Chemist: 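Quick one: the structure is below, questions incoming.
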Amino acid sequence: MPEPAETGDEASTNAAFTALLEDSAEDLYESAPCGYLSTMMDGTIAKINTTLLDWLGLEREAVVGRKRFTDLLTIGGKLYHETHFAPLLRMQGELRGIALDLRRLDGGRLPVLVSAVVKHGTEGEPLLIRITVFDASDRRAYEQELLRRREEAERARAEADEARRQAEADRARLADALAVLQRSLVPDSLPDVPGLETAVHYHTASPDQLGGDFYDLFPVGGDRWAFFLGDVCGKGPEAASLTSLTRYTLRAAAHHDPDPASALATLNAVLHERYTGGGNPRYCTCIFGIIEPGGEHGRRVVRLASGGHPPALVLRSDGRAEFLPTPGGLLIGVVPGAPIGTVETVLGPGDTVVLYTDGLTEARTGPGRDDLYGEDALHTFATDHAPGTPHEVITALTGLLEKIGDGLDDDTALLALGVPAAPSPLGPATNHIS
């Protein structure tokens, strides 16, 4: 491509460059975009440019020969000059980019970056110090803004850490309070029952919520003992209130009339009147039993009544396992006069009856947690562990729950009662697993 011909614009540009180069050195010094000054070796100012004088608001006559460089510095700057700046300059002969603060005539501060070099004579003797001063106000403001932002970020992070610690402490206190309240809804331990072995286990699915499972075992006169296990709807304080009402209602009903079906009918009437009748239906599933002597060799008769609860499971001494169905039983508290399912069995030496809530049978299993554990799997598990004492059976079921792990979406309560295989000379044995 051919070179473009010279135009008038290029001629004008060359003329501007020529005019620029004709600026005098003195004008370039005085009007430079930075401050210049030269001092004697003792710091007395020998020369200073107009730019720096304007920055500081000073007159040349009041500075040249009358002030030292340190007179232009703030108190902090003077200390730094004496302890660092001057010693390093004497040793090295030059310094670059030192941050200092100059003092204006009006008392304000001017942040600057200072570079200095010592000029030597022909014999190498130091003659004077040449100093260049750059206005660092914008840079200082930027650094201060960065510092402020960092301090704000650190403060926000500290506040977030404190809030997290507080939340963890609150969560721990809540968990402790819930644990205490949860323990108040079930017995601390099971009482000793002459001629029987007992064991219990309660698994809470979430430490942050009150569970709705409940159980109890208590005497009702003579050689008869009442026991029950159930599950109220919902979680949290409302479930806890319902659990408390259910437990004390069943206890009172059993002492008034120990017939299992009658006790559940009383509970159904109380819950229906208290909740469903008021437009806020609350209900529970429950299995209630009475166990009493039933003949020779320590046999015990067990009479059960159920309102919508999973069937009890019996592990026989001959290695069999069987459910005790209670068909027709309806959820407690839903309708007035709800039907109650009943069943009766005899426990011989070595037999164990197990009550459980649906947290066990509805636990999710399989690789994708898509399958329910179910009653068939529970029956197979019980058959594999029959015969077994209440302690052995509850221990095995506890291990099963641990194996299921996070597949347990709901609380699970387990209660087992059994007739010892042989009379113990040491008296009755009671096991409580929590």
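Please read all numbers here as calculations on a predicted model, not as lab measurements. The basis for the numbers below is simple: all heavy atoms, side chains too, and nothing from hydrogens, waters or symmetry mates.
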Chemist: Can you see whether Asp411 engages Thr204 through a side-chain donor-acceptor pair at a distance of less than 3.5 angstrom?
Modeler: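 No, Thr204 and Asp411 have no side-chain donor paired with an acceptor closer than 3.5 Å.
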Chemist: Side chains of Asp257 and Ser262: donor-acceptor distance under 3.5 Å anywhere?
Modeler: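 Yes.
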Chemist: Taking the basic N atoms (NZ, or NE/NH1/NH2) and the acidic carboxylate oxygens, is any pair closer than 4.0 Å for Arg150 and Glu152?
Modeler: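 No salt bridge links Arg150 with Glu152.
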Chemist: Anything under 30° is parallel, anything over 60° is perpendicular, the rest tilted; go ahead and classify Phe288 against Phe218.
Modeler: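 Phe288 and Phe218: perpendicular rings.
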Chemist: Does Asp106 come within less than 4.0 Å of Arg104, counting only side-chain N to carboxylate O?
Modeler: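 No, Asp106 and Arg104 are not salt-bridged.
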Chemist: Report the residues that fulfil ring-ring contact (aromatic ring centres under 6.0 Å, His included) with Tyr373, sequence neighbours left out, ordered by chain and then residue number.
Modeler: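 For Tyr373, no residue satisfies ring-ring contact (aromatic ring centres under 6.0 Å, His included) once neighbours in sequence are set aside.
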Chemist: Are any of the side-chain nitrogens in Arg103 or Asp71 under 4.0 Å away from the carboxylate oxygens of its partner?
Modeler: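 Salt bridge absent between Arg103 and Asp71.
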Chemist: With sequence neighbours excluded, tell me which residues meet ring-ring contact (aromatic ring centres under 6.0 Å, His included) with Tyr356.
Modeler: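 Counting only residues at least two positions away or on another chain, Tyr356 forms no ring-ring contact (aromatic ring centres under 6.0 Å, His included).
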Chemist: Does Glu145 come within less than 4.0 Å of Arg148, counting only side-chain N to carboxylate O?
Modeler: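 Salt bridge between Glu145 and Arg148, a charged N being under 4.0 Å from a carboxylate O: yes.
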Chemist: Apply salt bridge (Lys or Arg N to Asp or Glu O under 4.0 Å) to Arg96 and list each qualifying residue two or more places apart in sequence or on a separate chain.
Modeler: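 So Arg96 forms a salt bridge (Lys or Arg N to Asp or Glu O under 4.0 Å) with Glu94.
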Chemist: When you check the gap from the basic side-chain N to the acidic O, do Arg251 and Asp216 get nearer than 4.0 Å?
Modeler: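 A salt bridge is present here (some side-chain N lies under 4.0 Å from a carboxylate O).
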Chemist: Are the side chains of Arg300 and Asp351 in touch, meaning some heavy atoms are under 4.5 Å apart?
Modeler: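 Not touching, per the 4.5 Å side-chain cut-off.
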Chemist: Closest heavy-atom contact between Leu360 and Leu378?
Modeler: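 Smallest interatomic distance, heavy atoms only, reads CD2-CD1, 3.8 Å.
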Chemist: Are Phe227 and Tyr215 an aromatic pair, judged by ring center distance below 6.0 Å?
Modeler: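 Centroid distance Tyr215-Phe227: not below 6.0 Å, so no.
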Chemist: Would you say the side chains of Thr412 and His203 form a donor-acceptor pair under 3.5 Å?
Modeler: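 His203 and Thr412 do not have a side-chain donor-acceptor pair below 3.5 Å.
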Chemist: Would you call Arg303-Asp259 a salt bridge at under 4.0 Å N-O?
Modeler: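 Between Asp259 and Arg303 there is a salt bridge, with a charged N closer than 4.0 Å to a carboxylate O.
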Chemist: Taking NZ, NE, NH1 and NH2 as the nitrogens, is one of them in Asp161 or Arg164 under 4.0 Å from a carboxylate oxygen of the other?
Modeler: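 A salt bridge links Asp161 with Arg164.
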